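Input: a single structure, listed below in structure tokens.
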Amino acid sequence: MIGMAETTGENAGSTGSRPGTTTSGNTDVRPRKSSWKYIGPGIVVAATGVGAGDLVATLIAGSNFGYTLLWAAVIGCVVKISLAEAAGRWHLSTGRTLFDGWASLGRWTTYFFVVYAVIWGFVYGAAAMSSSALPLQALFPGVMDLEWWGILCALVGLVFVWFNQYAVFEKVMTVLVGVMFVVTVYLAIRVTPNLADAFAGLLPVLPDEKDSILNTLGLIGGVGGTITLAAYGYWVNAKGWTNTGWMKVMRLDNRVAYITTGVFVIAMLFVGAELLHSANIAIASGDKGLVQLGDILEDEYGTATAKFFLIGFFATSFTSLIGVWHGVSLMWADFWARYRRAGAGTTGGKAAPGEKAAPGEAAASGEEVASGARERSWPFRAYLLWLTFPPMVLLFQGQPFRLVIIYGVLGAAFMPFLALTLLWLLNSDRTPREWRNGLLSNAMLGIAGLLFLVLCVKQVWDQPWSEFF
């Protein structure tokens, strides 16, 4: 099993009067059976992680190389399974949040996260608004300009996340994922994929093109890989899973997440290979490529299919918007709780295996996230406002050149930061021994770290630094 710790020992607890606690009030850590009825955070992370940009990148890979890189998309899903599992395992095995783990590695992690969250959130906010607005403008031409559709999407996302907690958020995300699933699978069937060629695409072969290795690594790294992988542990806690008794459930949930992601990505690669590659049609990179695809679908299959696709396009973009609005705001609230605790002079850092957190450390526990208090806190809502209102300026004025470069570099640096810090945390005494990494986990996280480090270096190298200064 991807991401398994060396052993799977779990302590038995006494009979509880409600899930997660015993009659004496202690946490119930009896192993729960893997069951589909518990699935939830995985659906959320799949919906948030796969944005319009991921679908376009896969479409372009299909249009350029046919089915040749299907294997790379599959490997991308496996890599993300290991990363999300590691984040979830940290939260459940330690009872502490990921930011608390990062903080125990040194202040540099806090500095990186704060700079990343502030700049990335500012630029991403505008990108998410624009991405959600594009299909609405195509569905309802002449109603409003793109900028106003974007503002409307942002305000709807703000109100929804502000007034609803995780349970409602998860249900809405599940409905939107259902729309995404039906649309992408319908399109994959509609284009009549060549299954023999598709199975041949599972063999690891590189295209005979310039920079084929980097293009392949980019496809592997781009399958639903964002800060939402780090947010997965927070959603696990928000679901009410706060101890090792939920470990098997979390692993099933995580696998469902990236199998779902794999279906989205493979379906769009089928569309790219059959509809675009065979006809030698090129589409633009970025979200506008999906609008182009809508026009192509209308020419080939009629207006109904094109409209159906645009509804799926909107579901894809809007789930990413509200997912980031919720998940990254939870992480920001966690950062602020620890910052305030440090300012008050309470102790932090790592805890020995099995050691209970001191009273001052309660703010950094999974139990605090599970209580829903974070979603009602002012730091959570302050970051929501940051994601919503300042980025609106970028919709009208365009994205500042230097800020976009910094945004690109920070975004590229986050995934190697996540992979390598998880590798560090889960091989140290910060994690109880029975839940530390095994050989397979270390191999997968090491591969992920190396992959994202290479992509980060390429991203930094490709920036027009001569024009920056």
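Keep in mind that the numbers below use all heavy atoms, side chains included, and drop hydrogens, waters and symmetry copies. Everything quoted here is computed from the prediction, not taken from an experiment. Just so you know, residue 1 is the first one in the sequence shown, and it goes up from there.
Between F264 and L55 the shortest heavy-atom distance is O-CD2, 4.3 Å. Residue M144 comes nearest to Q137 through the heavy atom pair O-NE2, 3.8 Å, listed as atom of the first residue, atom of the second, then distance. A pairwise comparison of heavy atoms in A230 and M331 identifies CB-CE, 3.7 Å as the closest pair. In this structure, M129 and T388 approach most closely via the heavy-atom pair CE-O, 2.9 Å. Counting all heavy atoms, side chain and backbone alike, G240 lies closest to A370 at CA-CB, 4.2 Å. Across all their heavy atoms, L310 and A138 have their closest contact at CD1-CB, 3.8 Å.
Within the model, atoms OG of S63 and CE of M268 stand 11.0 Å from one another, a figure rounded to the nearest 0.5 Å. Summarising the geometry, atom CG belonging to D253 is positioned 16.0 Å from atom NZ belonging to K248; distances are rounded to the nearest 0.5 Å. Atom CZ of residue F309 and atom CG of residue L297 lie 6.0 Å apart, to the nearest 0.5 angstrom. Note that the CH2 atom of W149 and the OG atom of S132 stand 12.0 Å from one another [nearest 0.5 Å]. Once rounded to the nearest 0.5 Å, the distance linking CZ of R430 with CH2 of W90 reads 7.0 Å. Put simply, CD1 on I322 and CG on L158 are 12.0 Å apart, with the number rounded to the nearest 0.5 Å.
With E274 as the fixed residue, the side chain to side chain contact (heavy atoms under 4.5 Å, CB included) test singles out one of N194, T192, L187: N194. Under the side-chain hydrogen bond (donor to acceptor under 3.5 Å, both in side chains) test applied with R89, the options T244, T94, T431, N437 reduce to a single match, N437. Each of F99, F417, F414 was evaluated against F113; a single residue qualifies, F99, per the ring-ring contact (aromatic ring centres under 6.0 Å, His included) test.
Side chain to side chain, N237 and Y166 fail the donor-acceptor criterion of an N or O pair below 3.5 Å. With no hydrogens or angles considered, no side-chain donor-acceptor pair links N254 and Y232 at under 3.5 Å. If you check the side chains of W241 and H91, you find no donor sitting under 3.5 Å from an acceptor.
Between the side chain of D54 and the main chain of G51, a donor-acceptor pair closer than 3.5 Å is present. Between the S317 side chain and the S131 main chain, a donor and an acceptor come within less than 3.5 Å of each other. In this structure a side-chain-to-backbone donor-acceptor pair under 3.5 Å is present from Y383 to A117. Checked by atom type and distance alone, the side chain of T48 pairs as donor or acceptor with a backbone atom of V44 at under 3.5 Å. Remark: side-chain polar atoms of K307 are not paired, donor with acceptor, to backbone N or O of E298 under 3.5 angstrom. With hydrogens and angles disregarded, a donor-acceptor distance shorter than 3.5 Å links the side chain of W71 to the backbone of V205. Remark: the backbone N or O of V460 is paired with a side-chain donor or acceptor of W465 at under 3.5 angstrom. Listed for the W386 side chain is a donor-acceptor partner under 3.5 Å among the backbone atoms of V118.
Between Y186 and F308, the ring-plane angle classifies as perpendicular under the 30° and 60° cut-offs. Ring geometry, F318 versus F314: the interplanar angle falls under 30°, so the pair is classed parallel (tilted spans 30 to 60°).
With a 4.5 Å cut-off on side-chain heavy atoms, L98 and L422 count as touching. Using a 4.5 Å cut-off on side-chain heavy atoms (C-beta onward), M247 and S93 make contact. Counting only heavy atoms from C-beta outward, the side chains of Y124 and S320 approach each other to under 4.5 Å. Here the side chains of N427 and R436 are not in contact, with every heavy-atom distance at 4.5 Å or above. Contact of the L290 side chain with the T316 side chain is not registered, since no non-hydrogen atoms from C-beta on lie closer than 4.5 Å. Side-chain contact between F270 and V185: absent, with no pair of heavy atoms (C-beta onward) separated by less than 4.5 Å. Using a 4.5 Å heavy-atom cutoff, the side chains of L275 and Y301 are in contact. L425 is listed as a side-chain neighbour of S104, based on a closest heavy-atom distance under 4.5 Å.
The environment of F160 atom CZ is dense: over 12 non-hydrogen atoms of other residues, nucleotides or ligands sit within 6.0 angstrom.
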Inset, instruction - For ring-ring contact (aromatic ring centres under 6.0 Å, His included), just list the numbers for Y111 and W108, CA-CA rounded to whole Å, side-chain angles, deciding distance to a tenth of an Å, and then say yes or no. - result: CA-CA 5 Å; Y111 299 147; W108 64 276; 9.7 Å; no
Inset, instruction - Using the side chain to side chain contact (heavy atoms under 4.5 Å, CB included) rule, take Y67 and L269 through it: C-alpha gap first, then chi angles, then the decisive distance, then the call. - result: CA-CA 7 Å; Y67 293 104; L269 191 138; 4.0 Å; yes
Inset, instruction - Give the C-alpha distance, both sets of side-chain angles, the deciding distance and a yes or no for ring-ring contact (aromatic ring centres under 6.0 Å, His included) between W246 and Y38. - result: CA-CA 10 Å; W246 293 100; Y38 293 127; 5.1 Å; yes
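Between H326 and F380, the ring centre distance stays below 6.0 Å. For an aromatic pair to be called close, the ring centres must be under 6.0 Å apart, and W148 with F396 satisfies this.
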